[in-house]
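We count ligands from 1, going down the list as the structure has it; atoms in each ligand are counted the same way. None of the values given here were measured: they were computed from a predicted structure. By convention here, the first residue in the shown sequence is residue 1.
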Amino acid sequence: MTTFMHRHILSINQLSVQDIDFILDTADSLKEILERPIKKVPTLRGRTVVHLFFEPSTRTKLSFELAAKRLSADTVSVSASTSSVVKGETLIDTAKNIEAMKPDIVVMRHFCSGAPHLIASRIQASVINAGDGMNEHPTQALLDLMSVKEKKGGFKDLKVVIVGDIKHSRVAHSDILAFSKMGAKVTVCGPATLIPKDVESLGSKVELNIDKALDKADVIIALRIQKERQGKVLIPSIREYALRYGINERRVRLASKDVLIMHPGPINRGVEMTPDVADATNSIILEQVTNGVAIRMALLMLLLSAEQDQ
Ligand code: NCD
């Protein structure tokens with residue numbers, strides 16, 4: 001009997017604090033498999049996971065594929081450029097055809113907000129949102145939580161500062177929801193044009209002055225300028241952004257002594273942060289990547305065991 005009763009993972013909002021604790025604990029226990037010489041357990045043997053990626057992705061796609069393979073699931077991947085969507089097929093028709101092949105889980109990244117929700121309402125398989133437009137990236141937020149919990153032990157009253165393009169970032173959206181739900185105090189910072197007006201209603205404070213924002217921060221999460229999602233120019237130049245908001249050594253010293261430096265990737269070195277900050281001993285950027293595989297293993301396993309219990 002599992003205490004995890006979700007059929008899909010679409011948003012951080014759907015998860016309770018208990019659900020999140022359960023996912024983090026499960027991921028923590030699965031992480032050990034990644035250290036073994038033979039990194040494979042039979043848990044999902046005979047299950048099929050389809051990866052449907054309509055947007056470029058390196059880390060997330062690889063991470064999901066590895067997670068499924070580590071659990072012995074059969075995996076298939078479809079990328080936008082090789083799918084029939086480029087031949088004019090609608091998303092729902094693509095979904096129906098995938099459904100007809102009877103997968104157990106569909107992992108989906110799409111440039112439209114809400115696309116995985118639409119698919120989830122139309123097919124039998126479980127759907128995991130691997131990033132939908134500017135909306136959410138729940139598995140990234142879960143791996144960010146796991147990475148912070150490993151180092152800090154918990155979240156209560158931690159000052160988490162998210163710097164960058166908050167407006168167009170699905171990572172920012174999911175991270176704000178996730179960290180504030182777990183008891184951290186979230187501050188967002190960036191050029192005023194890249195801060196959405198309603199961001200405080202999600203549970204974060206806004207501080208436009210970077211030095212003030214970073215004061216005594218326990219965690220700094222830097223985000224990429226989402227150039228591909230900006231309809232018009234919202235910052236004067238990348239050089240100006242790097243000068244005003246880039247995380248450098250001087251700015252890191254404003255934060256607490258044992259601050260954690262994080263970034264979901266891909267990093268633009270010299271823009272969001274200087275190379276010395278990205279590679280510093282308190283940077284956990286690569287640990288985030290490792291934890292990503294463990295989180296996705298946990299979710300695949302929990303979704304399929306919840307399904308068996310229903
Ligand atoms: C992020 C994404 O795609 O939303 N990357 C990722 O999943 N690791 C962040 C980004 O593209 O900047």
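- Sorted by first and then second residue, the side chain to side chain donor-acceptor pair (under 3.5 Å) pairs with a member in residues 152-164 form an empty list; sequence neighbours excluded.
- In this structure, F54 and F111 have perpendicular ring planes: the angle between them is above 60°, well past the 30° mark.
- Listed by chain and number, residues touching ligand 1 at under 4.0 Å (heavy atoms only) are R59, T60, R109, H137, Q140, R170, V171, R224, Q226, P264, G265, P266.
- Within the structure, side chain to side chain donor-acceptor pair (under 3.5 Å) contacts touching residues 187-198 (residues at least two apart or in different chains) do not occur.
- A salt bridge is defined here as a Lys NZ or Arg NE, NH1 or NH2 lying under 4.0 Å from an Asp or Glu carboxylate O, and K185 with D218 fails to meet this definition.
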Under 3.5 Å, side-chain donor or acceptor atoms of residues 28-40 against the rest of the protein: list the pairs with distances, not counting sequence neighbours.
residue	atom	partner	partner atom	Å
S29	OG	T26	O	2.9
K31	NZ	E150	OE1	3.4
K31	NZ	E150	OE2	2.7
K31	NZ	N291	OD1	2.8
E32	OE1	R36	NH2	3.1
E32	OE2	R36	NE	2.8
E32	OE2	R36	NH2	3.4
K39	NZ	R36	O	3.1
K40	NZ	K69	O	2.9

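- Taking a cutoff of 4.0 Å between a charged side-chain nitrogen and a carboxylate oxygen, R250 and D211 qualify as a salt bridge.
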